[in-house]
Amino acid sequence: MNDPQAIAIRTDNLIHSVATSAGELSILKGIDMEIKEGESVAIVGASGSGKSTLLGLIAGLDVCSGGEAYIYDKALSKLDEEERAQLRGQYVGFVFQSFHLLPSLTALENVMLPAELSGDNQAKEKALGFLEQVGLSHRLNHYPRQLSGGEQQRVAIARAFASAPKILFADEPTGNLDAETGKVISDLIFDLNESLGTTLVMVTHDATLAKRCQRQLSMSAGRLSEAS
Amino acid sequence: MNLALRLLLRELRNGDVLTLALALVLSVATVTGISLFIDRLQSSFELQSATLLAADRVVRSPEVLPIQWEEEAESKGLEVANRAWFSTMVFTESGLQLSQVSAVTEAYPLRGEYLIDSTLFGTGKATDAGPNTGEVWVSSRLASLIDVEIGNSIQIGEADFVVTAYLVRDPGSTASAFAIAPRVVINWQDLDKTEVIQPGSRVRYALLMAGIESQLDEMEEWITPKLSDNQEWRSPRAGGRGIGATIDRAESFLLLAGTLAVVMAGVAMALASNRYVKRHLAQVAVMKTLGATPKKVASILIWQLICILVLGSIVGLLLGWSVQAFIALSLEALLSTALPEPGFEKMCLGVVTGLTSLVAFCLPLMVRLLGVSPLSVLQPMGRIEGKTALLYACGFVGMFALMVIYTQGILLPSLMVLSILLVSALVGVIGFILFKLGRKLTTGATSGWQIGLAALHRRLQSNLFQLLIFTLIIMLVLILTGVRSNLISDWQSQLPEGAANHYLFNIQQQDVEPLQSMMTGLEIEESDWYPMVLGRVTKVNQEKVTDLYGKKEERPEMLSRELNLTWTDVIGEDNTILEGVFNPLEDGFSIESTAAEEAGVKLGDEITLFIGGREYSQKVTSIRKVDWGSMRPNFYLILPKTILSDFPANYITSVHVTDESKQAFYKGMANYPTVSLLNVGDLIGQIQLIIAQVSQAIQLLLGFIVASGALVLVASIRASLDERLEEGALLRTLGASKSLIRQAMLIEFGFLGIFAGIIAAMAAEACLFGLQVYLFELSASFHPILWLLGPLLGFIIVTSIGLFAGRTVLKVAPMRMLQAL
C-alpha cells in the first residue's frame, strides 16, 4: 500500500528556456507543484503552453534551466544521463500519443522490452500477464503494423505497466484515436492505475479525460495553476 | 546481448541492415579473393622458381662441401640433398659422347620433380626420386646420339650402368642449361665407382636445402660468413626477380583497384548506416524513456556491430575463398597445373578490411544514436547534427590505412588519393555545369524531361555525389577492361604464333650452313644467326670496374660477369636505336639501354673490354632498346666486326619447333652433338600461365567492383527515397500520371549515368595512357571504344538499378505515401 503522504513528484521554481535565433525563449516560468503518491493529475492547456516540456522535465527526460524537479526526493538536475535513465527504469512508465512501439518487435517483445532492459528474468511472464489484462493475448506475435491504432495503444499501456512503475506519464494517450477507442484506452489506463496504485500524470487536451483525474492543473504561457 | 541479437535479426529484414551487411561481405570477399589468389600466384611462382633450383636454397661450390654444413642445416630442421655434376664421356658399344653427368642423393629434388619417359622424346611422367644405384637416366637426345635404348648398358668412367628411363626434365637444369652437353643422371652412391672425379677435375657440388623461411634465414645467416669467394648462396627470388617484381606490382595494382571496391562498399555502408540511424532515432529515444541507459544503448549497438562484423566476415571470407578457388580450379583445368594452396593468414587481410570499414564508415554514424535525447519522443528535435568533417575524416583515415596495409608503402596510396581527389574535382565542376545547364534549358513541370532535369539540379549535392561514385565505378571498369586487353594483346604481340621455343648455341662456323638447310628442310622458322665471343667489361671511362664497385654483388649485371659479345651488319627488328647511330663499319660499341642505365654508361663514354687476353677500348656510339620478350637472341653489347673477327666464334640462333616437327628436329640435331640446345617452351608456358592468372584476377575484381557499385547506387537511392516518395506522392496527387513520373526518373537516372560515363571515359583514357606508357612500357593508343562503352554502361547500369530501387515511388498509392510521411 502506498503512503498517502509520500510526495512522488515535486518541483521548486522550475524554469526552462531554449536559445532561438531571436534570443532566449522562456517556456516554463517558475513552476511549483507537488504530486502525491497514487494521485492522478491531468495537465491541460493550449498547444505551445509548455505542457509537454513540463512532462519531459518531471519525467527526467530533459534537464531544467533553473529551479529543480524531484522524483521521490531525488533532484533530477543532480543526476547524469546514466543515472536519470536508471531512475526512469526504476520509477517511470510512459504512454505516448503516437504509441512509439518498436516496429521490428512483436506485441509481446515490445511489452517485454523495459523488463529486458533492466535485466529482469521474468520479462516474458510479466508481459504475457499484462497483454492479457489489456485483452491482447490473441495478438502476441503481431507486429505493430499489423495492429490497429487502439491495439497499438493497448500494447503501449501494457508495456508501460509491465515495468511496475510508481509513476505513469501519459502524453495525449487518446490523441490519435477515435472517441470510442479513446474511451476504451482511457478506461484501461485508469483501471490499471487504480488497481496498481500508480501515480498518474497525464497531459491532455481532452476535458472529459482530464476530469477523470483527481486533480487538474492548467498550463498557460509557461505558468501552472490549479484548474477550477 | 540477447536483446541486441533479437533486434538485429528483426532488422535484417529491413533493407538498411541488409545493405550494410552485404557491403561488408563484398569488402571482405573482394580483399580476401584478391589476396588469396595473388598469394597462390606468388607461391606458384616461388615454387616454379624453387623447381628451377630444385630446392628453396642452394650452396654451390667447386669443392666438396664440409659435412658440418649439412649437419648444421639438418639441426636447424631443414631437409637437405646433395648433387654433384661434371662433364665426362659416356661410352657405349656404338660410340662415345661428351655428357653432363649429375649425381644425386635420395632426397633430390627437394622441390619440383623429374620428368621421365619410357619412350624416346616422350612428354614425360613426373617422379620425385632419382635413379637407384646401378641405374642411369639419359636424355632422349643423348640416347639418339649414342644409340642406346632402355635396358641397354652404358659406361661412365669405370662403372657400368643400366638405362632405365629417358630423362625429359631435370629439376635445376634450366639454370645451367647454356653450358651443357646432353644430360645423364646417376645415384650419388655410384659417384665413387665411376672414378671420374680426380684431383683437378672440373666438378660442381651443391648442398640443397628446403624448409620454412625462418629456418632458411637462420641458415643463411650462419653460412654466409663461411662462404669463400668461389662459393655461392642461391635463392629462387634472386634467379627470377623480374617475374617476382612483376607479381608484386600486380598485387599492389590489384589490391589498389580492390580498394576502390572497398571504398564503394564503405560508402554503401555509410549511406545504409545513415538511413538506419535516421530511422532509429525515435526508437532509441523510446528505449531511453523505458530506462535504457547510454551504456546499455552503446552495448546493444556494439553487440549488433560485432555480429554484423562476424557474420559479414565469415560470409565474405567464404565468398572470397570460393571465388578464388573457382578461378584457380578453372585455371588448373585449363593449364593442367595445380596452384599451391593459399596461405590462410591472408584471410586476416579480409577481416582487417571488414573491421576497418565498419569502424571508419559505420561507427561514427552509429555514435549519433547515443546522443539522441529521450525528450524527442515528446518533442521532435529535428536532425541530430553530427560533426560531418569528423565522419569524412574517419572514412578517409580508415581507407588510407587499408591502402597502406595493401601496398606496404605510402606512395601508391597517396597517388591514388590524389587521383580520386582530382577526379572528384573534375566530376564536381563538370557535373555542376551540366546540371545547371540542364535546369536552364527546361522550365516548368509539364514533361518528364523538365521534371527529371529539374530533379538533377534540385538534389544537386546528392546527385553530384552519386555522379562521382558512378564515375569512379565506370572508370574502374573501363580501366580494368583496358588493362586486361592491353595485357593480353601486349603478350600476344610479344609472343606471336610461332615465337621461338628453342635456342641453339655453341654452333661452330662449319655447322651453320648445314643447320640452316636442315631448318629449311624441316620448315622450321629460325631467327638471325649471331656469332658469339666471350668478354668482360674491365673499365668504364678508363676507371677499373673493381675500383668503381667494391663488392662483386653490388656491380650492375653487365659489369659483374662474362658477356656474350657479337657483331652484326643489321640490328634485329626487336632492337630500336634510342641514341646515336648504329654503323657496323665504323668503330664504336652499341649498348642495350637498361644495361647502360644500370651501369651508368652514356653515349660517348668509353668502355674497355677484355677479350681473349687483350683489352679493347672504344666509345659507346649507340644505345639500343631491346624487346627481351621477342624470344630472339639479343646482346648487351654489339661490337664492330673488326674486333671480333680475329677470334674464333660460335653461333647462336633461336627456332620455333612445332609439335609435329619435334621428333625430326631432335633426330636431325643428333648429327650435331657439339651444338647445345635449350628448350624455352616451358618458360613461355610459365609466362602465359601468369598472364592467364592475372587476367582472371582482373575479371574477379571487375565483378566485385560492379557489385559494390550497384550496392552504392541502391543505398544512395534509398537514402533519397523518402524525399522521392514525397515528391512522387505530391505530383501524383496533383494529377501527374505514373508514366510521367517514370519518364522523369528515367531522364534523371539516364542523364546521371550518361554524364558519369562520359567523365569516366575521359578519366579512364588518361589513366590508360599513364599505365600503357609507364607501367606496361607500350606506346600510347587512343581507345574509341571507351567513349562508347562508358556512357552506354552508365546509362544501362544507373537507370536499371535506379528504377529498380525507386520502384516504390510508382507502386504505392499517393494516399498511403502521404499518410506514411
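In what follows, every chain begins at residue 1, and chains take the letters A, B, ... in the order their sequences are listed.
Neither the backbone nor the side chain of Leu9(B) comes within less than 4.5 Å of any heavy atom of chain A. Residue Ser98(A): no heavy atom, backbone or side chain, is found under 4.5 Å from chain B. Neither the backbone nor the side chain of Ser163(A) comes within contact range of chain B; no heavy atom of the residue lies under 4.5 Å from a heavy atom of that chain.
Put simply, CD on Glu81(A) and NZ on Lys295(B) are 12.5 Å apart, with the number rounded to the nearest 0.5 Å. Between atom CG of residue Leu290(B) and atom CD of residue Glu116(A) there is a gap of 11.5 Å, rounded to the nearest 0.5 Å.
Other residues, nucleotides and ligands contribute more than 12 heavy atoms inside 6.0 Å of the CD atom of Glu125(A). The number of heavy atoms from other shown groups lying within 6.0 Å of CD (Glu24(A)) is above 12.
Closest approach of Thr293(B) and Ala85(A) over heavy atoms only: CA-CB, 3.5 Å. Considering all non-hydrogen atoms of both residues, Val377(B) and His100(A) come closest at O-NE2, 3.2 Å.
Among the residues in residues 141-159 of chain A, those with a non-hydrogen atom closer than 4.5 angstrom to a non-hydrogen atom of chain B are Tyr143(A), Arg159(A). Scanning residues 102-112 of chain A against chain B with a 4.5 Å non-hydrogen threshold yields Leu102(A), Pro103(A), Ser104(A), Leu105(A), Thr106(A), Glu109(A), Met112(A), sorted by number.
Counting heavy atoms from C-beta on, the side chains of Pro374(B) and Arg84(A) never come closer than 4.5 Å. Using a 4.5 Å cut-off on side-chain heavy atoms (C-beta onward), Thr289(B) and Phe169(A) make no contact.
Applying side-chain contact (heavy atoms from CB on, under 4.5 Å) to Leu375(B) and the options Asp62(A), Leu57(A), Thr53(A) leaves one that passes, Asp62(A).
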